[in-house]
Amino acid sequence: MDELLTGLNPAQKEAVTYSGGPLLVLAGAGSGKTRVLTHRAAYLVASGKAEPHNLLLLTFTNKAAEEMRNRLYSLLEKIVEEKNFDRPFAGNFHTFCAYLLRREGPAIGLSRSFVIYDEDDQLSLIKNLMKKMNVDDKNFKPAAIRGVIEHSKNDFLTAEDFLNLHSGSWHQTVGEIYRTYQQNLKKIAALDFTDLLIYGVKLFKEKPEILKKYQRIYRFVLVDEYQDTNKAQYLLTKLLSKESGNLTVVGDAAQAIYSWRGADYRNLLSLSADFPKIKIINLEENYRSTQNILDVSYQVICKNRKHPVLKLKSLQEKGVRPVVFKALSETDEAEFVCEKIKQLTDFCAVAPAEIAVLYRTNAQSRVFEEAFINHNIPYILYGGVKFYERAEVKDVICLLRVIHNQNDIISWGRIEKNFGKRRKEKVKNYLQSRKEKETKVLIEEMLEISSYLQKFDKDKEEDLRKLENIKELLSVAENFPDLTDFLENVALVQQEYSLQEKEKRKKVGEAVKLMTLHASKGLEFAVVFIVGLEEGLLPHYQSLEDEERLEEERRLCYVGMTRAKKFLFLTFAVRRLYFGQTNYNDLSRFLEDIPEELLKKEGNWDEDEDWELE
DNA sequence: GAGGGGGCGGTTTTT
DNA sequence: CCGCCCCCTC
C-alpha cells in the first residue's frame, strides 16, 4: 500500500488517500494527473475500501482510456492475482454506455442488437432522407444538418423541442429532417454515438431501480479529463455517484479544447454546486517543463477570464528562454525549423523523435513535409483517414452489419452503391442460407460470393494497399470470433490497423512528429515548435469575433506550449501562401501578450522593431 | 460500372 | 492550390 504513495508530492498524496467523498482535482499540465487517478483507484483497493469491480474509471478517448487501463492494471496486478479479483472497468464513456444498453436497453424500448452508426452512416442516412423528402442539398448541406442534429441531441433537445424553439424556414426543414432521422434510427435499431450517451442517461432517469443497481456496483466513480465531458457525460457521472458520493474527477479547465464538439469545461466548475461538500485539491507542481517555458505559457493563458488558471511551478531547471522567430514567408518558416532541428540533433544531443512541430490547421503541414524531404529529416505526419473509415474496410464491415441486422438500410445502400445490384442480390441470397459462423469465416465467405476482391488490380499500388487493409481486417476478426463483439469493437475502439499505421509505428522512435495542436494534447516532447502564430491562423479567423472561442484558441496555444520540456520555438510568417492565396497576417495576439524579456528574438526583425506591432 | 471533368469548399476531430 | 464529390458519359 505504501508503495502506491512513494514518490508522490504532498498534494498528490492527499488526492490519492482522501476518503471524504466527492473530490475535484484541478491538475495543471504535466502535474501527474493520470498518475493520481490510477494510484487513487489502486489505493482504494489496497486499503480495502473497494473491490476492483466497485470501481468505474471513465475518460473520453480510447487513447487516454488505454493509458489509464494499462497503468491501473499493472498497479493492481498483484492484489488481483492474490485475491482472485476481477479487473475494474476502465474505458471510455461510449463503451461503457454500449455495455450498459446491451444489457438494460430493453427496459427503455431499445433492441439488444442495435447497430452503432458512425458519422459516415449518419450522413448517408441524412442524404437518403433528404432525397425522399425532396430537400435540395444546395441550401441544406447534409454535413451542417448532421452537426445541428448532433448539437441538439447533446443538449437533450428533441426534434419537437427544436421545431418549437426555432421559427424560420431553414430551421423548420432541419427540424423535420431531425424528426425523420430519429424515427429512422429507431426503425433500423441503430444508435449514433450521441444516442449511446443520452439513452444511458435516459435509462438511469426513467428506471430508478436500474440506476440503483449500478450505483451499488460502482461505488467509486473516477473520471479523467473532466473538462472534456459534455452534458450527457456529466449527468451520467452525477447520477451514478449520487448515492455513494464517491465521485473523483481530474481535469484542467485551461486545457479544454473540445467545446466545438459539445465538451463544456464548466462541468468542472458546476460540480461544486452539485456536491457542496466537494473537496478541491490543486496540483501545481509541474514535472515536465522548464520554468522559462511555464512562465511564457502562463503569460498567454492568464488572460483568460472565464475559468480559473493554475500557476505552475517547475521542478526542472530554469532552462533557456523560448525563441520567437519572424519568418518572411511560410517556406522561410519551414527552413528555420529545419535548420534548428539540424542544430539540435547535431550539437545538442536531441533525438529527432523528441521533436514536434505543432500547427493549427492540417493545411500547414505540407510545407514542412516538403522541407523535411529536402533536408533529409525523417518525420511522421499524424492525422488522416482512419482505418475503419477507409472505403474498402467500411465496405466489408457493411457486409457483416447486414448479417447482424438485416434492417440496416444504410449498409444495404452502401453495398448496392459499391458492389452493384447483382452482387447485392447474391449477398441477400447468402444470408438466407447461412449458419452461425466465426467472424473471419463469415468475411471470407462473403468476399467470395460477392467477388469483391476482383474489383482490385494487384498491379496498382493503390489497390494493393486496399487489399492489404482487408487482409488486416481479417486478422482483426480472428480476435473477435463473435460477430457482435467484432462490430462493437469496430464501432467503439477504432484502433488503427492500416499499413500506414504500421509504417508509422516503425518510425516512431526516430522521426520528428508533425501534428495539429489538438492532436498534441496529453503528449510531451523535449523540443516543440509552434508555427503560424498569426492572427487568422492562431487564433483562427473563425474564432476572432467570439470571446468564448478566442479563449479556446488561447487554451489551444497553451496546450501546445506546455508540451515542451526543454526548448520551445514560436514562429510566424509575415507573408503566407494559404489555399493558393497570399495573406499578410499580423503576428498573433498571443505572442503580443508575452513580455519581450521572456523571449529571445530570432529571424528577420527590423532594427529596434517594436514588440507591440499595433 | 468505371473513368473523366467540373465545381466547390477548406479549423480543430473523437466516439 | 488541392482534393473530394457528384454527375455525366460510354
Side-chain angles (χ1 to χ4, degrees), chain A residues 58-65 91-98 116-124 127 131 137-138 141-144 146-147 150 153-154 191-198 200 225 228-230 232-233 256-263 330 358-367 370 382-386 388-389 391 416-424 451 454-457 460 463 488-496 515-522 532 536-544 549 552-553 555-557 559-560 576-583:
Chain A
L58 294 169
T59 185
F60 188 78
T61 66
N62 278 310
K63 205 171 81 181
N92 67 47
F93 280 98
H94 291 84
T95 310
F96 174 70
C97 286
I116 299 168
Y117 271 9
D118 67 13
E119 192 172 333
D120 231 44
D121 304 317
Q122 291 180 295
L123 275 178
S124 310
K127 283 183 196 161
K131 216 172 228 168
D137 57 10
K138 279 258 155 18
K141 298 262 183 289
R146 196 206 68 86
E150 183 148 303
K153 287 170 80 162
N154 271 332
L191 303 189
D192 63 25
F193 286 128
T194 309
D195 283 333
L196 290 172
L197 301 176
I198 60 182
E225 304 277 17
D228 287 338
T229 53
N230 64 22
Q233 291 161 333
I257 54 174
Y258 287 114
S259 74
W260 50 275
R261 60 178 197 212
E330 79 286 348
L358 310 179
Y359 36 78
R360 179 66 179 85
T361 67
N362 283 309
Q364 289 165 262
S365 68
R366 197 184 204 93
V367 189
E370 280 164 13
Y382 288 84
V385 196
K386 297 262 163 48
Y388 286 120
E389 283 161 13
E416 179 166 323
K417 196 169 133 210
N418 294 357
F419 291 65
K421 273 198 170 121
R422 250 165 304 169
R423 285 161 165 166
K424 179 184 152 192
S451 48
Q454 283 163 30
K455 263 182 68 161
F456 303 105
D457 181 352
K460 271 199 224 150
D463 282 15
E488 191 104 330
N489 183 266
V490 166
L492 294 173
V493 181
Q494 291 277 331
Q495 213 166 323
E496 274 295 336
M515 66 182 86
T516 61
L517 286 159
H518 281 92
S520 76
K521 191 167 161 210
L537 215 44
L538 182 64
H540 194 267
Y541 71 95
Q542 287 186 12
S543 308
L544 296 178
R549 298 181 66 175
E552 180 140 322
E553 296 289 308
R555 293 192 291 269
L556 195 51
C557 185
V559 165
R576 174 180 298 278
L577 190 66
Y578 192 61
F579 291 138
Q581 257 202 331
T582 302
N583 296 303

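Side chains are part of it too, since the values below use all heavy atoms of this structure and drop only hydrogens, waters and symmetry mates. A, B, ... follow the sequence lines: proteins, then strands. Residue 1 opens every chain.
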Could you check whether [X] pairs with [Y] (Lys NZ or Arg NE/NH1/NH2 to Asp/Glu carboxylate O, under 4.0 Å)?
X: A:K521; Y: A:D228; answer: yes
X: A:R549; Y: A:E553; answer: no
X: A:R555; Y: A:E552; answer: yes

For nucleotides 5-10 of chain C, which of its nitrogen or oxygen atoms have a protein nitrogen or oxygen under 3.5 Å away, and what is each distance?
from  : atom 1 : to     : atom 2 : distance (Å)
C:dC6 : OP1    : A:K127 : NZ     : 3.2

Considering every strand and a 4.0 Å limit on heavy-atom distances, what is the contact class for [X]: base, sugar-phosphate, or nothing?
X: A:F96; answer: nothing
X: A:F93; answer: nothing
X: A:R422; answer: nothing
X: A:K386; answer: sugar-phosphate
X: A:Q581; answer: nothing
X: A:N62; answer: sugar-phosphate
X: A:D192; answer: nothing

Within a strict 4.5 Å, meaning less than it, do heavy atoms of the A:R360 and A:H518 side chains meet?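 Yes, close enough: below the 4.5 Å cut-off.
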Worksheet item: Heavy-atom distance under 4.5 Å between the side chains of A:E225 and A:T61, does that happen here?
Response: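 A:E225 does not reach A:T61 side chain to side chain.
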request  = Return the 5'-most residue of the pair A:I257, A:E389 with respect to DNA chain B, ranking by each residue's nearest nucleotide.
outcome  =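 Counting from the 5' end, the first nearest nucleotide belongs to A:I257.
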Residue whose closest nucleotide on DNA chain B lies nearer the 5' end, A:T95 versus A:H540: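 In this pair, the answer is A:H540.
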* **Atom P, compared across C:dC5 and B:dT12: separation rounded to whole Å** =>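 So the two P atoms sit 15 Å from each other.
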(message) Roughly how many Å apart are B:dT11 and C:dC6, using the C1' atom of each and rounding to a whole number?
(response)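 These two C1' atoms come out 24 Å apart once rounded.
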>> Under the rule for ring-ring contact (aromatic ring centres under 6.0 Å, His included), what residues qualify as partners of A:F96, not counting sequence neighbours?
In response: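 Partners of A:F96 under the ring-ring contact (aromatic ring centres under 6.0 Å, His included) test: A:F89, A:Y218.
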- Task: Could you tell me whether a side-chain N or O of A:N62 sits under 3.5 Å from a main-chain N or O of A:L492, the two making a donor and an acceptor?
- Result: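 Yes; judged by distance alone, with no hydrogens or angles, the pair exists.
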(Q) Looking at A:Q233 and A:N230, would you say the former's side chain and the latter's main chain have a donor-acceptor pair under 3.5 Å? (A)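 Side chain of A:Q233 to backbone of A:N230: a pair is present.
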Open item on the list: Quick check for you: name the first and last nucleotides of DNA chain B, 5' to 3', having an atom under 4.0 Å from a heavy atom of chain A.
Closed with: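 Reading along DNA chain B, I get B:dG1 to B:dT15.
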*Assess whether side-chain contact (heavy atoms from CB on, under 4.5 Å) is satisfied between A:T516 and A:Y359, documenting all intermediate values.*
CA-CA 5 Å; A:T516 61; A:Y359 36 78; 3.9 Å; yes
